[in-house]
Amino acid sequence: MLNPKKIIFLTIGEAGYSRSWTYFNGAKKLGANVDFIKINSNKLIKQFLQIKRQVSKDSIYVVMSPSQYLVPFVRFFLGKNIVLDAGWSLFEGTVISRKRYGFLGSIAIKNYLIDFISSHIAKKIILESKLQKEFYLKLFLVKRKKCFVLYSGIDEE
C-alpha cells in the first residue's frame with residue numbers, strides 16, 4: 001500500500017468512552033494508519049492549528065460521539081474529510097432519553113442546532129441502527145446517501 005490516508009479520531013472525551021473507540025481499535029488491529037487525539041476545549045484553536053501543521057491534508061477525521069460540536073472546527077481548520085460518528089445525537093441523549101430540556105428549552109435548542117449543523121457539515125454520518133438512521137434522517141433533514149449504519153456489537157470491548 002502506498003501512502004495510505006491517515007484516519008484521525010477526535011474527541012473531547014476520554015479514550016474508550018465512545019463506541020468510536022471500538023472502531024479505532026478495530027482499524028488499528030487491521031493495520032490502518034490511525035491516530036487518536038483528545039481535544040482540550042481550553043486549547044481548542046491552538047490544538048487545531050497544531051494538527052493542521054502535522055497532518056496530511058488528505059487525512060480523514062472521525063469526530064467521535066459526543067463531540068459533535070467539534071465538527072465546525074474540524075471543517076474550518078482541517079478540511080472536508082469529516083466522518084461524524086453520531087452514535088446517539090446530543091439531542092437524543094439529553095432531550096429524548098433524559099428529558100432534559102433546560103430553561104425555556106435552551107438545552108434542547110442548543111443540542112438540536114449542534115447536531116443539525118454538524119450533520120450538514122460532515123461528509124458522512126455513522127449511526128447505530130437502521131431505525132436510528134430513519135429517525136435521524138427525519139429529525140435533522142440529512143441526505144440519505146450521507147448516513148450509514150455501522151454496528152459495533154453488544155460487547156464494545
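Source: prediction; values computed, not measured. Side chains are part of it too, since the values below use all heavy atoms of this structure and drop only hydrogens, waters and symmetry mates.
Using a 4.5 Å cut-off between side-chain heavy atoms of Ile, Leu, Val, Met, Phe, Trp and Tyr, L30 forms no hydrophobic cluster with any other residue. Within the hydrophobic cluster formed by Ile, Leu, Val, Met, Phe, Trp and Tyr side chains joined at under 4.5 Å, directly or through other members, F148 stands alone, with no partner residue.
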Test side-chain contact (heavy atoms from CB on, under 4.5 Å) on L70 and L44 and set out the steps.
CA-CA 9 Å; L70 291 178; L44 200 69; 3.6 Å; yes
Under the side-chain contact (heavy atoms from CB on, under 4.5 Å) criterion, do I51 and I37 qualify, and how do the steps go?
CA-CA 9 Å; I51 294 166; I37 301 173; 3.9 Å; yes
Under the side-chain contact (heavy atoms from CB on, under 4.5 Å) rule, what do L150 and Y23 come out as? Steps first, then yes or no, please.
CA-CA 9 Å; L150 185 58; Y23 307 141; 3.7 Å; yes
Using side-chain contact (heavy atoms from CB on, under 4.5 Å), reason through N33 and I7 one step at a time and then give a plain yes or no.
CA-CA 6 Å; N33 188 6; I7 304 170; over 6 Å; no
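Rounding to the nearest 0.5 Å gives a distance of 8.0 Å between OG1 of T11 and NZ of K38. K130 NZ to C147 SG: the interatomic distance, rounded to the nearest 0.5 Å, is 14.5 Å. Separating the CG atom in L90 from the OG atom in S118 is a distance of 7.0 Å, to the nearest 0.5 Å. For the atom pair CG (D35) and OG (S59), the distance works out to 9.5 Å, reported to the nearest 0.5 Å. The OG atom of S20 lies 11.0 Å from the CG atom of N25; values are rounded to the nearest 0.5 Å.
Annotation for K146: atom NZ counts as buried by contact number, over 12 foreign heavy atoms lying within 6.0 Å. More than 12 heavy atoms of other residues, nucleotides or ligands sit less than 6.0 Å from atom OH of Y101. E14 CD: 12 or fewer foreign heavy atoms inside a 6.0 Å radius.
For the pair V63/I82, a side-chain contact is recorded, criterion being any heavy-atom separation below 4.5 Å from C-beta on. At a threshold of 4.5 Å between non-hydrogen side-chain atoms, the residues L10 and V74 count as touching. By the 4.5 Å heavy-atom criterion applied to side chains, K133 and L137 are counted as neighbours.
Exactly one of Y112, F116, F135 qualifies for a ring-ring contact (aromatic ring centres under 6.0 Å, His included) with F91. That residue is Y112.
Residues passing the side chain to side chain donor-acceptor pair (under 3.5 Å) test with S129: none are found, sequence neighbours excluded. A search for side chain to side chain donor-acceptor pair (under 3.5 Å) contacts involving E134 returns R144, not counting sequence neighbours. Under the side chain to side chain contact (heavy atoms under 4.5 Å, CB included) criterion, K52 pairs with L78, not counting sequence neighbours. Remark: N42 pairs with N40 by the side chain to side chain contact (heavy atoms under 4.5 Å, CB included) rule, at least two apart or across chains. Remark: T94 pairs with R98, R100, I107, N111 by the side chain to side chain contact (heavy atoms under 4.5 Å, CB included) rule, at least two apart or across chains. In this structure K57 satisfies the side chain to side chain contact (heavy atoms under 4.5 Å, CB included) test with no other residue, sequence neighbours excluded. For E92, the side chain to side chain donor-acceptor pair (under 3.5 Å) test picks out S89, Q132, with sequence neighbours left out.
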Mind listing the side-chain donor-acceptor pairs of residues 119-126 below 3.5 Å, one per line with the distance, residues two or more places apart or on another chain?
from, atom 1, to, atom 2, distance (Å)
S119, OG, D115, O, 2.7
S119, OG, Y136, OH, 2.4
H120, NE2, F140, O, 2.8
H120, NE2, L141, O, 3.4
K123, NZ, N81, OD1, 3.4

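Summarising the geometry of S67 relative to G13, their closest heavy-atom pair is OG-N, 4.3 Å, with the distance given to 0.1 Å. Of all non-hydrogen atoms in S65 and A86, the two that sit nearest each other are OG-O, 3.4 Å.
Taken together through direct or relayed side-chain contacts under 4.5 Å among Ile, Leu, Val, Met, Phe, Trp and Tyr, V55 and I45 form part of one hydrophobic cluster.
Legend: salt bridge (charged side-chain N to carboxylate O under 4.0 Å, His left out) pairs involving residues 65-86, not counting sequence neighbours, sorted by first then second residue: R19-D85. Within the structure, every pair that satisfies the ring pair (Phe, Tyr, Trp, His ring centres under 6.0 Å) test and touches residues 30-73, not counting sequence neighbours, is listed here: W21-F36, F48-F77.
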